[in-house]
Amino acid sequence: MKSTNGGKLIVLEPVTRIEGHAKVTLFLNDEGCVKQARMHVIEFRGFERFVQGRPYWEMPVLVQRLCGICPVSHHLAAAKAVDRIVGGENLTPTAEKMRRLMHYGQMFQSHALHFFHLVSPDLLFGFDADPAIRNVIGVAKKYPDLAVQGVMMRKYGQEIIKATAGKKIHGTGAIPGGINKNLSVEERDVFLRDIDKMLDWAQSALKIAKDYTAENLDRLASFGSFPSNHLSLVREDGALDLYHGNLRAIDAEGNKILDQVDYANYLDFIAEEVRPWSYMKFPFIKSVGPEDGWYRVGPLARLNNCDFIDTPIAEKERKEFVKLGNGKPINVTMAYHWARMVELVHAAEKIKELLNDPDLQGDDLVAKGKRRREGIGLIEAPRGTLFHHYKVDENDQVVMANLIVSTTHNNEPMNRAVQKVAEEYLDGKEITEGLLNHIEVAIRAYDPCLSCATHALGRMPLLVELMDAEGNIINRKTRD
Amino acid sequence: MSDTITFTVDGVEVTGRKGQTIIQAADDAGIYIPRLCWTKKLKPGASCRLCTVLVNNRPTASCTQPIGEGMVVLNETEQLITYRKNLVEMLFVEGNHFCMFCEKSGNCELQAMAYRFGIAAPKFPYMFPKRELDASHPDIFLDRNRCILCGRCVRASRDLDGKGVFQFVGRGNHKKIGVNAEARLADTNVDVSDDAVGSCPVGAILKKRVGFAVPVGQRLYDHQPIGSDTEAKARRSARGK
Ligand code: SF4
Ligand code: FES
């Protein structure tokens with residue numbers, strides 16, 4: 001944490017407990033009020049170039065390397081894109097269900113990890129608490145059962161990934177047009193043994209998030225909150241669907257901007273703006289324009305967008321959740337945590353449903369059809385909608401790749417959240433521990449993974465810069 | 001009786017047939033000598049030197065050296081193991097071997113050799129050479145990034161397929177696998193069923209669109225280190241006695 005003395009610019013970094021590195025810059029006006037907030041990502045792009053020339057069937061395995069946190073989402077989005085290249089997008093029931101199982105396993109472990117390791121310290125101790133206790137070790141000491149549950153839930157999800165993808169990280173399960181294995185009866189029985197416990201624990205985690213939000217609603221309602229559009233996939237009947245669907249976008253009032261748009265045509269509806277100060281692009285809905293067309297993705301957007309959830313417990317919880325909006329979309333940033341936990345429960349219910357489905361033991365694993373030169377695959381990753389788009393030449397080599405990851409969609413919303421919090425909590429020119437905490441908490445609501453959002457191949461040291469009103473750097477420090 | 005030759009490998013008595021090389025006789029006896037450029041089906045190329053053993057204390061490529069009566073062969077000395085490790089590590093840094101997204105992973109002899117030797121990360125600096133791909137053939141993909149210049153494809157194409165599709169061009173650092181004197185694979189008579197295509201120990205010559213069809217856990221070296229099939233033979237015959 002660094003602050004200027006009399007300067008016009010305050011830089012905070014790093015935002016701890018988010019995956020990757022970030023730098024936050026607060027621009028002050030002459031009166032010392034926050035004029036603008038920018039979250040910089042100090043890493044570089046390069047992945048889209050790197051994949052050029054590689055054969056398309058490598059993509060699902062290769063692109064997972066983008067991200068150590070949600071590799072399964074990249075694996076599956078790329079697989080969905082290359083499905084279209086081999087004309088195998090109409091998957092066999094076994095292939096689709098195996099992939100879904102993999103995806104719900106990933107969702108389960110990712111949401112559990114985020115909640116227990118990164119969020120629960122804030123919720124259980126309050127985000128003004130001393131950072132020395134407000135961390136996962138503190139949770140483990142004070143709430144040992146909860147900490148154990150967090151670890152076990154994560155492990156359960158990882159074991160599902162291993163059984164479907166071959167490995168806990170960077171597996172190979174999804175191949176063009178299908179999957180390379182089914183689920184053996186022995187594997188299934190191991191998961192069935194514990195699924196009810198997982199579902200129970202998921203519900204207790206949900207209760208923590210829900211109760212916390214209810215108890216602190218007055219304070220949370222405005223915390224880092226702002227009206228925004230929301231974008232996600234929904235199923236054809238409007239249900240929440242994390243693996244497949246069509247694009248829907250609503251505005252802050254709940255009016256539909258896009259509905260049931262085939263994602264293969266995403267370029268007609270979504271564009272990306274480049275801003276000189278960030279490596280991350282800023283996507284927006286074309287018909288609304290770059291100024292107001294930005295949107296949120298992820299658990300909050302998904303629960304705002306869907307008409308219902310097709311599993312009973314999560315649906316009951318969704319109904320309770322949406323009451324928060326009084327018939328309108330929920331624009332409370334901190335509601336992300338509650339929404340994420342509804343999805344955690346949904347993922348557990350889906351896993352249970354799939355485990356009881358004999359299709360998982362089927363042998364028809366791969367579908368093929370008419371070869372195409374282009375493939376687009378979208379999926380709802382834990383952090384939000386993930387786009388993979390490839391073009392290949394007649395030799396099967398990738399000639400173009402475009403990836404838009406969840407954290408990139410949430411780029412503008414995160415900046416807004418930080419600005420909002422800073423406006424509220426910045427007092428004078430001094431950065432207090434409180435302000436630092438509040439900014440962290442606001443960013444963390446989005447569960448950003450910054451290295452993946454910039455397609456990093458490397459990372460740079462953390463740097464603090466102070467600049468005066470004329471743009472001169474008056475101080476530059478790295479954090480110890 | 002005159003057809004058999006008796007010698008020792010690491011003190012163990014081995015009986016081979018006249019005309020066999022050390023590596024052949026050792027294989028038959030269930031003794032594994034590491035190798036990359038030699039296979040049972042091909043004439044020796046003797047380029048990788050991984051099979052180097054000490055014959056009467058002199059370093060010798062076991063894939064070319066015929067056995068002799070009373071020979072004293074050392075295979076698993078500390079020094080030889082170090083040499084072999086270094087050779088494998090050098091192969092890793094000389095090319096661009098990204099096992100994590102290579103479809104040959106789990107079936108790759110180079111990777112398996114590294115696992116057998118317990119190599120976690122090479123101690124030499126990576127060279128990151130610039131190498132060319134050839135994806136022109138409808139069914140075959142040549143990725144020179146992963147080529148270890150073992151020459152198996154060269155010999156297989158010439159001796160087994162009778163085609164001569166592959167050959168070495170250039171020298172030293174610039175040596176690479178060529179295709180009909182700088183042509184593209186699509187311009188040759190290579191066929192996906194050729195022995196040359198199946199002969200590559202690494203992921204340099206691949207059948208297109210196979211990719212990751214074999215799941216993790218069912219690949220060649222997922223459960224047993226390379227060479228253990230040979231060694232299992234020795235254990236079986238020991239049990240039999
Ligand atoms: S292409 Fe394969 S078989 Fe041919 S020399 Fe290179 S590594 Fe050996
Ligand atoms: S196997 Fe003998 S030199 Fe390569």
So does [X] have more than 12 non-hydrogen atoms from other groups sitting under 6.0 Å from [atom1]?
X         : atom1 : result
Lys176(B) : NZ    : yes
Lys181(A) : NZ    : yes
Lys123(B) : NZ    : yes

Counting a contact as any heavy-atom pair under 4.5 Å apart, which residues of [range] contact chain A?
range                       : answer
residues 110-121 of chain B : none
residues 210-223 of chain B : Gly211(B), Phe212(B), Ala213(B), Val214(B), Pro215(B), Val216(B)
residues 77-104 of chain B  : Met100(B), Phe101(B), Glu103(B)
residues 161-170 of chain B : none

[X] side, atom [atom1]; [Y] side, atom [atom2] - distance, nearest 0.5 Å:
X         : Y         : atom1 : atom2 : result
Ser136(B) : Glu394(A) : OG    : CD    : 10.0 Å
Lys208(B) : Asp396(A) : NZ    : CG    : 4.0 Å
Asp143(B) : Arg54(A)  : CG    : CZ    : 4.0 Å
Arg371(A) : Arg209(B) : CZ    : CZ    : 7.0 Å

Closest approach of Phe141(B) to Pro55(A) (non-hydrogen atoms, all atoms of both residues):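 Answer, listing the atom of Phe141(B) first, then Pro55(A): CZ-CD, 3.5 Å.
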
Side chain, backbone, both or neither of Gln397(A) within contact of chain B (heavy atoms, under 4.5 Å):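 When you check distances to chain B, only side chain atoms of Gln397(A) fall under 4.5 Å.
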
